[in-house]
Amino acid sequence: HYRKISSLVFFILVVCLIVVLNTSLRKEGVSRSDVPSNRLYTVEVVNEFPHDPDAFTQGLLYAENDTLFESTGMNGASSVRKVTLQTGKVKAIQRMPYSDFGEGLTLLGDRLIQVTWRQSTGYIYDRHNLSKFEKFRHDMPDGWGLATDGKILYGSDGSSTLYQIDPQTMKVVKKQIVNYQGDEVHRLNELEYVYDEVWANVWMTDCIARISQTDGSVLGWILLPNLREGLLHNLKKQIDVLNGIAWDRDGDRLFVTGKLWPKLYEIKLHPLK
Ligand code: DDQ
Ligand code: CA
């Protein structure tokens, strides 16, 4: 009788072990195969336009009617400018003092808001008259990227922090650490608000991170090495990194360029198979 019970207990234990092992193995299997293939995107160039090869692009946005606004950096070469998409021609420009290094740029109503690199300052321009502007202070340690969802501002400072800023007070109201599956993503640069996500150029890479504005997690990566590699082929002049994302919301067109790049590209995303 005792033997019967002990072999029954043994049998139950073995069954439990198999069940536990099986589910834990399955879990592992699920979490691996669960990674949707559309987390990685390549890009197809659908149009290319001229871009000022002297523009050290730090901020880029699409306004309307094939008009872009762009912020450029470098001391002595910093500016905010209105650019015609098709020709790359600068229609209006406001140059910045030598002490300023232009960085991220965003448009909220008629206010064109720009941050500078290392001074925790920025400028608000009248989008219809760039010579009308005022200076402001913000409380990010550094200014790199800037974007808006139409209500609040998103800012980056070259770290892994994504800041939310009140556009009235210019105070940081929320901070999120941007991470991909738990790992911090550093060097967040130019930003754009696209499809209710925050897209960020990652400095010194050919990647754009698609960041969830709700929890700061990276939802996907856009891989664009083909753009810079294509350019390098027939260039005499040095170019710098990929930087600058603009989105035409109404036409659902995406544009990217880089610092000192002679071209600006309209791209379409394709999930990497
Ligand atoms: N940033 O755009 C990544 C924020 C800054 C890039 C600066 C690269 C050029 C450095 C030149 C030093 C001049 C003070
Ligand atoms: Ca942008």
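What's counted below: heavy atoms across the whole structure, side chains too, no hydrogens, waters or symmetry copies. Whatever order the structure lists ligands and atoms in, that order sets their numbers, starting from 1.
The Ca ion (ligand 2) has an N, O or S atom of L191 closer than 3.0 Å. In summary, G145 places no N/O/S atom under 3.0 Å from the Ca ion (ligand 2), failing the contact criterion. Backbone or side-chain N, O or S atoms of G244 do not reach the Ca ion (ligand 2) at under 3.0 Å.
By the side-chain contact (heavy atoms from CB on, under 4.5 Å) test, D149 is found to be paired with K151, I152, Y154, Y193, residues two or more places apart in sequence or in another chain being considered.
In summary, the side chains of S71 and Q58 do not present any donor paired with an acceptor at a separation below 3.5 Å, with no hydrogens or angles considered. A donor-acceptor contact under 3.5 angstrom links the side chains of Y163 and D157, judged on distance only.
Atoms OE1 of E192 and O of L60, as seen from the Ca ion (ligand 2), are separated by an angle of 90°, to the nearest 10°. Angle subtended at the Ca ion (ligand 2) by I245 O and E190 OE1: 80°, rounded to 10 degrees.
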Throw together a table of side-chain donor-acceptor distances under 3.5 angstrom for residues 200-208, partners on residues two or more places apart or in other chains.
unit_1	atom_1	unit_2	atom_2	d
N201	OD1	G244	N	2.9
T205	OG1	V202	O	2.7
T205	OG1	C207	N	3.2
D206	OD1	R228	NE	3.0
D206	OD2	R228	NE	3.3
D206	OD2	R228	NH2	2.7

Evaluate V80 against I93 for side-chain contact (heavy atoms from CB on, under 4.5 Å), listing each step before the verdict.
CA-CA 6 Å; V80 63; I93 184 164; over 6 Å; no
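Pairs of residues two or more places apart, or lying in two chains, that qualify as salt bridge (Lys or Arg N to Asp or Glu O under 4.0 Å) and include a residue from residues 63-89 are D52-R81, E64-R127, D66-R253.
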Distances under 3.5 Å, N/O of ligand 1 against N/O of the protein: list each pair and its distance.
unit_1	atom_1	unit_2	atom_2	d
ligand 1	2 (O)	Q58	OE1	3.3
ligand 1	2 (O)	Q58	NE2	3.0
ligand 1	2 (O)	E103	OE2	3.1
ligand 1	2 (O)	K259	NZ	3.1

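Taking 4.0 Å as the cut-off between side-chain N and carboxylate O, E48 and K263 count as a salt-bridged pair.
Residue-environment remark: CZ (R95) stays at or below the threshold of 12 foreign heavy atoms within 6.0 Å.
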